[in-house]
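The structure under discussion appears below in the form of structure tokens.
Counting starts at 1 for both ligands and their atoms, in listed order. Below, each value reflects all heavy atoms present in this structure, side chains not excepted, and no hydrogens, waters or symmetry copies.
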Amino acid sequence: MKKILVANRGEIAIRVMRSAREMGIKTVAVYSEADREALHVRYADEAVFIGPAPSSQSYLVMDRILQAAKDTGADAIHPGYGFLSENATFADSVKAAGLIFIGPSGDSMRMMGSKLAAKATAERYNIPLVPGTAKAIESVEEGKSIAQKVGFPLLIKASAGGGGKGMRIVLAADEFEEQMKMAVSEAVNSFGDGAVFIERYVGSPRHIEIQVLGDRHGNVVHLFERECSIQRRHQKVVEEAPSSVLTPEIRDKMGACAVQVAKACNYEGAGTVEFLLDENLDFYFLEMNTRLQVEHPVTEYITGLDLVKEQINVARGEKLSFTQSDLKIQGHALEIRVCAEDPTNNFLPDIGRLQTYRIPQGPGVRVDDAYEEGMDIPIYYDPMIAKLIVYGKDRQEAIQRMIRAIDDYHISGVKTTLEFCRFVMEHPAFTGGQFDTHFVKNHFSPDLLQKNDSGEMELAAFLAVKMLREHSTPMQATTQEAAGSRWKNNRLN
Ligand code: MV4
């Protein structure tokens with residue numbers, strides 16, 4: 001493998017290119033009209049323009065991307081996450097064009113893309129599933145009779161859904177028919193596949209996922225778990241590894257189940273097997289994500305591995321260079337997603353220019369981003385500005401380091417989720433490890449931020465200093481920048 005085209009943008013494109021460069025592999029970026037000045041374009045050895053800003057006309061157009069690979073002589077394509085990363089047709093087309101797809105086969109993706117096929121496969125290997133059905137419900141009558149056995153509340157889920165899409169809760173029998181009809185029509189409209197199934201509703205679950213890695217020779221290992229329970233509307237906000245609740249026994253069992261799921265679909269590359277964990281610490285297989293995930297860095301920190309390098313190695317046909325018993329959890333890692341959203345206004349996306357943008361540094365701090373001060377956040381894509389990842393010898397040190405890193409992160413011009421993430425880090429339910437997927441709904445309200453808005457305090461102090469300087473010694477504080485940096489220095493001294 002000599003040249004990789006990265007079919008993505010933003011932080012993940014740069015993340016992939018960094019590993020490729022360390023391995024002596026050239027990189028090709030693709031970019032849309034909105035990304036002419038983007039950092040992933042500058043970071044790559046070459047870049048190819050692929051179309052207008054909307055991703056449906058650029059990052060999602062398979063032929064454009066395949067043509068760009070052909071034109072630049074790339075011999076492999078890395079899809080990143082999102083966009084075409086879980087598109088089985090794309091994986092097949094890359095292979096058909098004589099290129100290496102850095103990821104699983106189209107067949108593995110198809111099997112796991114169907115939640116029903118995935119559940120049926122897991123069932124054959126005696127992997128625990130939430131009580132319900134691993135078969136499509138054929139009629140309202142059949143559904144009602146299964147619902148009576150499963151009990152209420154229950155969930156109707158779309159087989160082609162995932163990540164929370166196409167899910168409906170049914171609280172009692174008299175709602176079943178209406179909810180099932182809605183679920184089916186939604187599934188047809190959104191996915192072109194009306195197959196639905198039933199699961200008992202787990203009321204207070206934690207979301208735990210296991211990172212797996214497989215090679216072409218049938219070897220599969222797991223790289224332990226990530227806990228992603230702190231989320232909002234299915235958007236993860238905080239991720240950590242290891243989970244604060246898993247015992248070594250549950251971890252081993254869950255890991256073995258995840259490896260089994262991956263083996264059952266001949267999985268090659270990096271993938272993630274998702275589980276729900278209930279209050280009794282019983283776990284249930286939910287689905288498998290057939291891509292590198294946003295939160296992969298926490299796993300990299302606790303295992304010392306570079307997951308992109310591992311993906312590249314197995315895509316070249318190499319055997320995994322380690323076995324399960326070589327792997328050990330070391331320390332604790334946390335990740336927060338720094339998004340251009342206003343946590344005081346229902347997390348409304350905020351666009352605009354990064355007037356100030358300074359990232360935290362120091363031991364155990366990693367920032368995966370694709371922005372510089374002065375850049376605009378484009379409206380066309382994900383509002384994530386950066387991922388802030390920290391590592392510590394234990395969970396407490398990681399939390400304290402995260403708070404320090406958040407305080408060292410300076411962003412102005414757009415509203416961000418930084419202060420909200422700081423709130424999470426200090427909340428007793430989080431520090432005590434007593435939380436589930438309802439954390440944000442149960443513990444957060446915007447007024448809790450405003451009370452403690454150090455950003456606003458800083459701005460007030462900054463303006464006061466600026467006014468003083470402008471009135472007393474105008475030559476010393478000519479720009480906001482200069483006044484701002486003096487204020488920071490004052491504080492440090
Ligand atoms: C569930 C559930 C409760 N019971 N299934 C949402 C995302 C998708 N992967 C599965 N999801 C859920 N499935 C049963 N039987 C609750 C959720 C769920 C959830 C899961 C993980 C992380 C966040 C979540 C937020 C709301 C609901």
- [ ] Kindly compute the distance separating CD (Glu209) from OG (Ser229), expressed to the nearest 0.5 Å.
- [x] 9.5 Å
Open item on the list: Strictly by ring pair (Phe, Tyr, Trp, His ring centres under 6.0 Å), give each pair with a member in residues 179-208 just once, sequence neighbours left out.
Closed with: none
Open item on the list: Between Arg401 (side chain only) and Val365 (backbone N and O only), is there a donor and an acceptor less than 3.5 Å apart?
Closed with: no
- [ ] Might you list the protein residues in contact with ligand 1, defined as having a heavy atom under 4.0 Å from one of its atoms, sorted by chain and number?
- [x] Val130, Leu155, Lys157, Gly163, Gly164, Met167, Glu199, Arg200, Tyr201, Val202, His207, Gln231, His234, Glu274, Leu276, Leu286, Glu287, Thr437
Task: Test: Glu295 and Arg337 ion pair at under 4.0 Å - done: yes
Open item on the list: Among Lys309, Arg15, Arg226, which residue satisfies the salt bridge (charged side-chain N to carboxylate O under 4.0 Å, His left out) criterion with Glu300?
Closed with: Arg15
Open item on the list: Tell me if a side-chain donor or acceptor on Asp342 pairs with a main-chain N or O of Thr344 at a distance below 3.5 Å.
Closed with: yes
